[in-house]
Every structure is written in C-alpha cells, then in structure tokens.
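Accompanying notes for the structure given below.
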Amino acid sequence: MDDGLRDRPGVTSRFFHSLEVKYQYYLDRLTPHTAIRWVIALISLVFFASRIVLLQGFYIVAYAVGIYYLNLFLLFLTPSIDPALEFEDEDDGPVLPSKTNDEFRPFMRRLPEFKFWHSFMKATLIAITCTFFEFFDVPVFWPILVMYFFILTFLTLKRQIMHMIKYRYIPFTVGKPRMQGKEDTGKVVVG
C-alpha cells in the first residue's frame, strides 16, 4: 500500500545520521591542523588528570586509560609491516630496508598519527565521563598501580627501542636526511 513510508528512515535514524555528518564535517576540518589537535588532546588530558587529583579517586580508570595510551603509542612507533616477520612473498608492499644498500622506503606506521590522536581523544573523553559515575571509583592502593605502570612502560619501550635498533628504522623525521632538489632560480627559458 504505502511503500513510500517504508523506504523513509525513522526520526531517530535521521537524527543520528545528521549527528554523524556534523561530527565528520568538524573532524575533516580539524584534520590538517596537527598542532591544534594535539593541544586539544593535551588540554583534555590535563582536565582528566585534574579530576583524578581533585576527586582523590578513579585510579583504576586512570590506570586503564594509561595502559591504552601506551598501547596506542607502541602502535604509532611500529612499522605497518614488521621486519621481524619473514614473508615468503616479496610483493606484499613496502618494507623497511634490511641492508645499507637497499632501496629507500618510507616509514609507514601501523597506526597513523590522525588515528592515534582520534583514539587518544575518544579514550580521554570516555575516561572523563567515567569520573562522573561512582561505580567506576574502585578502591585500590594507587602507588602499586603507578609503580606497575612505570615498570610496564619501561619494559615495553625498551623492547620497542631494541626492535628499532635491530632493524635500523627511526619512526620520526627528526634528524633524518632530507633530499633536496635543484633550487628554483625563477628564470623562465623560452626557446
């Protein structure tokens, strides 16, 4: 009878779709502004830390989000194709050079910077939200958590640095040689 009504989405689905479109719009506008994004992330992290200090609780939430940050950072430092794994087929895509005379291949991260920031922000906002509910304030002896977190961070970063030394890659562009082309003199030769 009225097939036109069945094809039309409901009010709630239209509302959430419009929210998704607006969210993606502002995310797309913010994408090229790396410094601004990380300043926003730092501000949200400081707000979360200040809530933890002022409330004197929610240490388990802080520990969980800290472990998640560590996991994100390790994925950010890791190449997309791990050179430690030997692939039988050489046509799997770009890999890191294993010898000094190998061809240069750019460092491709397992977790790109934008996705790192986006996951960081989502985790921070979820952690801030958790501090508004008493259910998440599990009583724990926080010095043990802090000590365990630092030991875990030290061991995992040590392993990652040893991996970077073994396979000779640097995940940052600081200190890397840059290729320079000929300088443009501005002269146009018409011949």
Side-chain angles (χ1 to χ4, degrees), residues 16 19-20 22-85 95-96 106-176:
F16 284 115
L19 282 180
E20 283 180 42
K22 288 177 185 174
Y23 175 72
Q24 191 62 47
Y25 171 76
Y26 289 115
L27 209 56
D28 290 341
R29 297 268 316 221
L30 197 57
T31 300
H33 307 289
T34 307
I36 293 172
R37 285 190 282 120
W38 283 105
V39 166
I40 292 169
L42 184 65
I43 289 169
S44 65
L45 183 64
V46 167
F47 178 72
F48 172 67
S50 66
R51 282 201 51 86
I52 296 297
V53 170
L54 291 175
L55 295 174
Q56 295 292 311
F58 298 97
Y59 302 119
I60 201 76
V61 174
Y63 176 74
V65 79
I67 294 294
Y68 185 70
Y69 292 157
L70 179 62
N71 184 34
L72 288 176
F73 186 63
L74 288 174
L75 287 174
F76 179 72
L77 292 179
T78 306
S80 63
I81 299 173
D82 193 356
L85 303 174
V95 294
L96 294 171
F107 183 79
M108 295 173 59
R109 300 177 188 285
R110 184 169 289 173
L111 182 67
E113 182 271 333
F114 180 78
K115 289 184 180 181
F116 178 35
W117 171 82
H118 192 240
S119 298
F120 185 94
M121 283 301 299
K122 286 193 292 188
T124 305
L125 293 176
I126 289 170
I128 290 170
T129 304
C130 288
T131 62
F132 288 102
F133 298 100
E134 285 293 319
F135 175 77
F136 294 108
D137 191 11
V138 178
V140 292
F141 187 59
W142 66 267
I144 297 285
L145 286 179
V146 171
M147 184 179 68
Y148 183 65
F149 177 76
F150 282 129
I151 290 171
L152 187 65
T153 302
F154 174 75
L155 292 176
T156 53
L157 288 180
K158 178 183 172 190
R159 190 186 74 212
Q160 185 67 32
I161 290 169
M162 297 307 280
H163 188 270
M164 289 163 38
I165 291 170
K166 181 178 180 180
Y167 293 102
R168 288 181 251 129
Y169 66 91
I170 300 172
F172 302 107
T173 56
V174 177
K176 287 186 178 179

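What's counted below: heavy atoms across the whole structure, side chains too, no hydrogens, waters or symmetry copies. Along the sequence shown, residues carry numbers from 1.
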- Query: Distance from Tyr26 atom OH to Thr31 atom OG1, nearest 0.5 Å?
  - Reply: 14.0 Å
- Query: Do Ile52 and Phe48 have side-chain heavy atoms sitting under 4.5 Å apart?
  - Reply: yes
- What pair of heavy atoms forms the shortest contact from Met121 to Ile40, and how long is it? CE-CG2, 3.9 Å
- Query: Taking only residues at least two apart or on different chains, which pairs with a member in residues 31-50 satisfy salt bridge (charged side-chain N to carboxylate O under 4.0 Å, His left out)?
  - Reply: Arg37-Glu113
- Going from CE on Met147 to CG on Leu145, what distance comes out if it is rounded to the nearest 0.5 angstrom? 9.5 Å
Atom pairs and distances, side-chain donor-acceptor, residues 53-74, under 3.5 Å, sequence neighbours left out:
residue	atom	partner	partner atom	Å
Gln56	NE2	Val53	O	2.6
Tyr69	OH	Thr124	OG1	2.4

- Donor-acceptor contact present, side-chain Arg109 to main-chain Phe76, <3.5 Å: yes
- Item | Of all pairs that satisfy side chain to side chain donor-acceptor pair (under 3.5 Å), the ones with a partner from residues 153-166, not counting sequence neighbours | Asp82-His163, Gln160-Tyr169, His163-Tyr169
- Query: Is there a side-chain contact between Leu19 and Phe16, using heavy atoms and a 4.5 Å cut-off?
  - Reply: yes
- Query: Could you go step by step and tell me if Leu45 and Phe120 meet the side-chain contact (heavy atoms from CB on, under 4.5 Å) rule?
  - Reply: CA-CA 9 Å; Leu45 183 64; Phe120 185 94; 4.0 Å; yes
- Interatomic distance, NZ@Lys115 vs CZ@Arg110, rounded to 0.5 Å, equals 13.0 Å
- Message: Can you classify the ring geometry of Phe114 versus His118 as parallel (below 30°), tilted (30 to 60°) or perpendicular (above 60°)?
- Response: parallel
- Task: Hey, could you give me the CG/OG distance between Leu75 and Ser119, rounded to the nearest 0.5 Å?
- Result: 9.0 Å
